[in-house]
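Below, all heavy atoms of this structure are taken into account, side chains as well, without hydrogens, waters or symmetry copies. A quick note: this is a predicted structure, and the numbers were derived from the prediction, not measured. A, B, ... follow the sequence lines: proteins, then strands. Residue 1 opens every chain.
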Amino acid sequence: MAAQLLPLELIDRSVGKKIWVIMKGDKELVGTLKGIDEFVNMVLEDVTEYEVTSAGKTKKQLKQILLNGNNVALLVHGRTPEDNESEAA
Amino acid sequence: MAETAAETPQAKRSPSDFIKQVIGLPVVVKLNSGTEYHGILSCLDGFMNIALEQADEIVDGKKEQHYNECFLRGNNVLYLSAAS
């Protein structure tokens with residue numbers, strides 16, 4: 001039988017690497033994952049915050065953040081929203 | 001063997017380590033509503049309840065209020081950023 005892999009172990013493998021975080025609502029963040037806890041709160045570095053508003057898509061750069069895990073919906077390793085857009089083009 | 005990795009730039013930094021590191025520094029707190037608070041972090045806890053000093057409240061990019069001291073309840077917090 002294949003060894004079990006817990007969800008948090010999977011995220012632990014992404015520590016030190018770039019990660020794409022999709023939040024509930026129209027927010028996404030891309031940054032280097034420095035650490036994570038059992039609530040999926042995350043420390044991210046060199047972050048780009050994407051926000052989809054009625055005025056369009058806004059980008060914002062942040063050096064280092066502690067992200068609240070409460071509104072996290074999805075974590076993607078090894079891809080960014082920009083990759084997605086170039087695929088669509 | 002002694003743990004010496006804590007201060008290297010590549011070290012894993014968990015949320016609790018980050019909390020210890022940013023106390024007393026200027027920070028930006030963004031709430032789920034989009035409102036930002038720029039101030040000096042006096043303390044925070046595991047719920048992300050936050051006490052700020054000399055805080056500016058910024059709504060839609062415009063400064064609305066100034067508080068000498070204020071408390072933010074953790075459930076509203078989207079992120080806490082070390083101000084660059």
S.K.: Applying side chain to side chain donor-acceptor pair (under 3.5 Å), name anything that partners A:K17, two or more places apart in sequence or on another chain.
M.R.: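 Side chain to side chain donor-acceptor pair (under 3.5 Å) check on A:K17 returns nothing, list empty.
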S.K.: Examine B:M48 and B:F18 and state if one hydrophobic cluster contains both, with Ile, Leu, Val, Met, Phe, Trp and Tyr joined whenever side-chain heavy atoms are less than 4.5 Å apart.
M.R.: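 Yes.
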S.K.: Checking an interface table here. Which of residues 28-38 of chain B come within a heavy-atom distance under 4.5 Å of chain A?
M.R.: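 From residues 28-38 of chain B, the residues near chain A are B:K30, B:N32, B:E36.
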S.K.: Which answer fits A:I36, side chain, backbone, both or neither, if we ask what part of it has an atom under 4.5 Å from a heavy atom of chain B?
M.R.: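 Only the backbone of A:I36 comes within 4.5 Å of chain B.
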S.K.: Contact part of A:N71 toward chain B, heavy-atom cut-off under 4.5 Å: side chain, backbone, both or neither?
M.R.: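 Contact with chain B is through the side chain of A:N71 alone.
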S.K.: Any side-chain heavy atom of B:L72 within less than 4.5 Å of one from B:L52?
M.R.: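 Result yes, sub-4.5 Å side-chain heavy-atom pair found.
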S.K.: What part of A:K24 lies closer than 4.5 angstrom to a heavy atom of chain B: side chain, backbone, both or neither?
M.R.: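 Looking at A:K24, nothing touches chain B.
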S.K.: What pairs with A:D26 under side chain to side chain contact (heavy atoms under 4.5 Å, CB included), at least two apart in sequence or on another chain?
M.R.: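 Result, side chain to side chain contact (heavy atoms under 4.5 Å, CB included) vs A:D26: A:V52.
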S.K.: Could you check whether atom CD of B:E69 has more than 12 heavy atoms from other residues, nucleotides or ligands sitting under 6.0 Å from it?
M.R.: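 Result for CD/B:E69: open.
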S.K.: Which atom pair, heavy atoms only, marks the closest approach of B:G24 to B:I40?
M.R.: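 Closest pair (atom of B:G24, atom of B:I40, distance): O-CG2, 3.6 Å.
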S.K.: Taking A:N68 for the side chain and B:V77 for the main chain, is one N or O donor matched with an acceptor at less than 3.5 Å?
M.R.: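 Checked: pair present.
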S.K.: According to a hydrophobic-cluster definition based on side-chain heavy atoms being under 4.5 Å apart (Ile, Leu, Val, Met, Phe, Trp, Tyr only), do B:Y67 and B:V27 belong together?
M.R.: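 Looking at the clustering, B:V27 is in the same group as B:Y67.
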S.K.: Which one of A:G35, A:G25, A:G69 has the most heavy-atom pairs closer than 4.5 Å to chain B?
M.R.: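 Top count of heavy-atom pairs under 4.5 Å with chain B: A:G35.
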S.K.: Taking every non-hydrogen pair under 4.5 Å, which of A:I65, A:L44, A:N41, A:L29 racks up the most with chain B?
M.R.: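 Most heavy-atom pairs under 4.5 Å with chain B: A:I65.
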S.K.: Could you please state which residues from residues 54-65 of chain B sit under 4.5 angstrom from chain A, measuring non-hydrogen atom to non-hydrogen atom, sorted by number, or 'none'?
M.R.: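 Not one residue of residues 54-65 of chain B has a heavy atom under 4.5 Å from chain A.
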S.K.: Test salt bridge (Lys or Arg N to Asp or Glu O under 4.0 Å) on A:K59 and A:E28; report intermediate values, then the result.
M.R.: CA-CA 10 Å; A:K59 263 202 216 182; A:E28 297 176 13; over 6 Å; no
S.K.: Would you say A:L66 and B:V22 are hydrophobically clustered, going by side-chain heavy atoms of ILVMFWY under 4.5 Å?
M.R.: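 Hydrophobic grouping puts A:L66 with B:V22.
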S.K.: Using distance alone, with no hydrogens and no angle criterion, decide if A:T48 and A:Q61 have a side-chain donor and acceptor under 3.5 Å apart.
M.R.: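 Indeed, the side chains of A:T48 and A:Q61 share at least one donor-acceptor pair under 3.5 Å.
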S.K.: Consider only side-chain heavy atoms of I, L, V, M, F, W and Y, link residues closer than 4.5 Å, and tell whether A:L33 and B:L78 are in one cluster.
M.R.: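 A:L33 clusters together with B:L78.
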